[in-house]
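Nothing here was measured: the structure is a model prediction, and the numbers come from that model. Every chain is numbered from 1, with letters handed out A, B, ... down the list of sequences.
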Amino acid sequence: MSGHANQGPDVGATVAEDGFWRLFPLAELELDVVRKVIVEGREMCVVRTVAGVYAFGATCPHQGAPMCEGRIRGTMEPSRRNHYQFGRDGEVVVCPWHGYEFSVRTGESVHEVIRGRLGAYPVQVRGGDVYCSPRRLEPRAARQR
Amino acid sequence: MSFDWDRHVAVGDYAELLGYMDRSWAKHFERSEFLGSIVESSNHIRLSDQWGLAPVSATLDTETDRNLLVAHQGLTINGWADQVAATVFAGAVNSYARDHWWTVRNWPAIVVSPHAPVWSAAEVRRRAGEGGYAAIVMSYGPVLLGSTHYDPLYEAASEVGLPVVCHFSGVEGRYSGAAPLSGGVHCSAFSRKVLVPHLAESNIASLAFEGAFERFPGVRFLFSGVGFTWLPSLLWRVDREWRTFRHDVPWVRQPPSSYILSQVRASTWPVREAALGGDWERLFRDESYRDCVVFGSHDPIDGDSMAHLREQLGEADAAMVLGNGAELWPASRTVHA
């Protein structure tokens, strides 16, 4: 129903005055396990990683894969040949269909391998609960969070 | 100006090379069992009825304004067992080319060995210093071109500003020292000939994913004699895999197709494949793809004429392809006297 957030039939949500919706207690959010929620009719993925708590769009811009089924990991930064430099641990979600990597922080394609991006949404932890807004962040704002 | 990047020339009698070798090496080579085996191997590796026992050279009087001369006998060193002797032989071929084939229109390529990159780098610097060579030519070895094995050669190529022409010798897939072909060993010369385009695709993918383009952004590669209609699908495939597996090759910082479009060219022979199913019009709509194709007649071995080129690509695109080779040709160079 409109104005309702859920990740399953047993979880309700309430909206705060600033437009953020309370989703669930942070303690219920297992590390690196992506949960799908619907807030004001918008599907998004919420995850807690070693890097923080993030909310991003539920559909891959490439061919529409369900991003909430994606794996959380880091990535390899540009480097010299055979000198791997792992970075961004917990900041990358991998598309379950084609392996494309997106930043969970900004929604952008990692190293711009494709032009499309996921939505990035404001998320906060208040009093031990996870809150999320369905208003999509502009890329610049997303990079700063 | 018009350019033919693939004209073949041959030494009429291998004994003519002996004078370009150190005396002791000449004594080693002049033995009949050695010269005889070289002649015999040329016969074994023939790729068509026109490549028989008698060495054949393309005419140096051409419609095209500039021609790259490829001494195909020198290419066969990729299958030689004695790679030290092979470098002596290639060096003699390069000297012979300088003295016998160079004209204002016709510049030879420096023959180098895929087995000896350090020697090859020294040879490139030495010949570039002499002037009059338009490219470096190398046949395929068992190590793919993206390997750091070739870095000394690419450093030299980058330094002297000459493109690296990759051209099969005919022993690929046949002699153990040369590059293998897909799947296994084929019995006939014609079945091997059918498969040589795989060598280009495989080595271009290697150059891209091993980061050679990134390490040597100034080096251009011309894949010659292996057709070109495979190029668009290769560009699509390398980008597709890179998008998914970029994290496995983080040294590939751009879409692989962007390196290939910038640093790789393919010659037209056999240009008639472009007409299959309207492939030229269908696959090469994109201007950046058409820019990658340069004319290579492959004369006198089943060669394509400029008339063939016009017939297959149309007048306007044939003119464009004939001119595309200009970007690879040395801008200015000390002319051999």
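Under the rule for a disulfide bond (SG atoms under 2.5 Å apart), the partners of A:Cys68 that lie at least two apart in sequence or sit in another chain are A:Cys45. Not a single disulfide bond (SG atoms under 2.5 Å apart) links A:Cys95 to another residue, sequence neighbours left out.
Proximity to chain B among residues 118-139 of chain A is not found for any residue, judged by heavy-atom separations below 4.5 angstrom.
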Inter-chain donor/acceptor N,O pairs below 3.5 Å: chain A to chain B:
unit_1: A:Arg73; atom_1: NH2; unit_2: B:His247; atom_2: NE2; d: 2.8
unit_1: A:Thr75; atom_1: OG1; unit_2: B:Arg246; atom_2: NH2; d: 2.7
unit_1: A:Met76; atom_1: O; unit_2: B:Arg246; atom_2: NH1; d: 3.0
unit_1: A:Met76; atom_1: O; unit_2: B:Arg246; atom_2: NH2; d: 2.8
unit_1: A:Ser79; atom_1: N; unit_2: B:Pro250; atom_2: O; d: 3.4
unit_1: A:Ser79; atom_1: O; unit_2: B:Arg253; atom_2: NH2; d: 3.4
unit_1: A:Arg81; atom_1: NE; unit_2: B:Glu210; atom_2: O; d: 3.1
unit_1: A:Arg81; atom_1: NE; unit_2: B:Glu210; atom_2: OE1; d: 2.9
unit_1: A:Arg81; atom_1: NH2; unit_2: B:Glu210; atom_2: OE1; d: 2.5
unit_1: A:Tyr84; atom_1: OH; unit_2: B:Asp248; atom_2: O; d: 2.8
unit_1: A:His98; atom_1: O; unit_2: B:Thr244; atom_2: OG1; d: 2.4
unit_1: A:Tyr100; atom_1: OH; unit_2: B:Arg243; atom_2: NE; d: 3.0

